[in-house]
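Accompanying notes for the structure given below.
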Amino acid sequence: MIYLKQDFDPIHTFECGQCFRWNQSDNGYIGICGGKVCRVSNDTIYCPDSDNEYWTNYFSADTDYSEIKKYLESHDETLKKCIDFGGGIRILHQDIWETIISFIISANNNIPRIKKILETMCREFGDKIDFKYNSKLGIPEGEYYSFPEPERLNSLSIEDLACLRAGYRDKYIMDAAEKVSSGEVNLKDIPEMPTELAKKELLKIKGVGGKVADCILLFSMGRYELFPKDVWIKRILNQVYGVEEKETDSFVTEKYGNYAGFAQQYMYYYYRENDIEK
DNA sequence: GACCAGGAACCGA
DNA sequence: TCGGTTCATGGT
């Protein structure tokens with residue numbers, strides 16, 4: 001088990017749009033990553049002790065958010081209410097491969113459907129996890145599926161993906177599976193690269209453009225200086241801050257610096273849960 | 001039935 | 001480089 005006493009609320013963290021495979025159950029959120037199952041309720045992460053290190057990294061449990069918040073609030077008065085509202089957001093260190101596929105699917109799509117496509121993908125092509133019921137963890141019995149490895153997806157044909165109802169994105173999924181399993185895109189190298197180079201590497205995959213690459217780097221590798229700009233964020237920057245699309249990069253860099261990714265998440269979550277005109 | 005969704009590929013200038 | 005079009009699918 002892990003305790004996250006400060007700056008953490010599972011609702012904020014799991015509902016802010018960075019992840020798609022955490023689902024609310026009657027006693028908290030159940031999630032699967034790296035072939036491991038865990039439950040999160042309030043400030044506690046319920047997992048086998050042998051997985052503590054994995055989830056500590058996943059939740060970035062050693063990161064001190066007070067300094068981040070202080071910096072952002074002092075640079076942007078308007079952002080204060082967003083931080084007050086979603087102060088329990090933690091930017092996760094998700095699995096790179098899963099994040100690549102998730103955000104390829106996110107293109108021109110909506111969150112409920114993204115979740116549905118990913119869930120079907122795991123149920124159809126992932127492995128059933130050998131989960132031993134443990135009453136202490138409070139994880140309900142059930143069938144849990146891992147995220148399918150690149151090699152597994154690469155062994156399929158594009159027709160096999162039709163059951164996902166992912167539309168035109170199925171060919172992008174196949175391209176990612178092929179390039180990653182062949183080593184043309186080496187996922188082991190990318191975390192070691194400088195951000196610009198890492199981004200360039202990800203852009204080799206069809207279906208990965210600038211915004212999707214930013215999401216992958218921010219939500220799986222902690223590149224907190226990135227600020228993914230989707231339709232919502234563009235709308236917010238325009239309507240709340242009066243910033244035109246062309247000026248966004250300089251606006252963001254000047255205002256949020258190396259903490260831009262956090263600002264983006266607080267903003268995104270707040271204005272999606274509340275009316276944009278306030 | 002049009003419009004939208006955590007966009008990107010593709011094309012022509 | 002830049003702006004417009006098209007791309008499946010499901011929900012509203």
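We name chains A, B, ... by the order of the sequence lines, and we start the count at 1 in each one.
The NZ atom of A/Lys246 sits 7 Å away from the P atom of C/dC2 (whole-angstrom rounding). A/Lys234 has its NZ atom 8 Å from the P atom of B/dG7, to the nearest Å. Summarising the geometry, the separation between CG on A/Leu118 and P on B/dA5 is reported as 19 Å, rounded to the nearest angstrom. Remark: P of B/dA5 and CZ of A/Phe20 are 15 Å apart, rounded to the nearest angstrom. Between the C1' atom of B/dA8 and the CE atom of A/Met174 lies a distance of 19 Å, rounded to the nearest Å. With rounding to whole Å, A/Phe103 atom CZ is found 11 Å from B/dA8 atom P. Distance, A/Phe227 CZ to B/dG7 C1': 17 Å, rounded to whole Å. Summarising the geometry, the separation between CG on A/Asp175 and C1' on B/dA8 is reported as 13 Å, rounded to the nearest angstrom.
The closest donor-acceptor contact from the side chain of A/Arg223 to the backbone of A/Pro191 lies under 3.5 Å.
Straight-line distance between the P atoms of C/dA8 and B/dC11: roughly 14 Å, to the nearest whole Å.
For the residue pair A/Ile32 and A/Tyr145, the shortest heavy atom distance occurs at CD1-O, 3.6 Å. For A/Ile117 against A/Ala166, the heavy-atom pair with the smallest separation is CD1-CA, 3.9 Å.
Secondary-structure stems of DNA chain B, taken as three or more successive Watson-Crick or G-U wobble pairs (i with j, i+1 with j-1) under a 3.5 Å distance threshold, comprise B:2-5 with C:9-12, B:7-13 with C:1-7.
Here A/Gly207 lies in heavy-atom contact (under 4.0 Å) with sugar-phosphate atoms only. Within the nucleic acid shown, A/Cys19 has no heavy atom closer than 4.0 Å to any nucleic acid atom. Nucleic acid contact class of A/Lys229 (heavy atoms, under 4.0 Å, all strands): none. Residue contacts shown for A/Ile117 are absent, as no nucleic acid heavy atom lies under 4.0 Å away.
Around atom CG of A/Asn42, no more than 12 heavy atoms belonging to other residues, nucleotides or ligands sit under 6.0 Å away. The number of heavy-atom neighbours closer than 6.0 Å to CD of A/Gln6, taken from other residues, nucleotides and ligands shown, is 12 or below.
Salt-bridge check for A/Lys80 with A/Glu73: failed, with every basic side-chain N at 4.0 Å or more from each acidic carboxylate O. Contact check on A/Asp249 versus A/Lys229 returns a salt bridge, with a Lys/Arg side-chain nitrogen under 4.0 Å from an Asp/Glu carboxylate oxygen.
Partners of A/Phe125 by ring pair (Phe, Tyr, Trp, His ring centres under 6.0 Å), not counting sequence neighbours: none found.
A cation-pi geometry, defined here as NZ or CZ lying under 6.0 Å from the six-membered ring centre and within 45° of its normal, does not hold between A/Arg90 and A/Phe59.
Of the two residues near DNA chain B, A/Cys16 and A/Leu203, the one whose nearest nucleotide lies more 5' is A/Cys16.
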### Summary
Contact string for nucleotides 5-12 of chain C, one letter per nucleotide 5' to 3', B = base within protein heavy-atom range under 4.0 Å, S = sugar-phosphate only, - = neither, reads --BBBB--
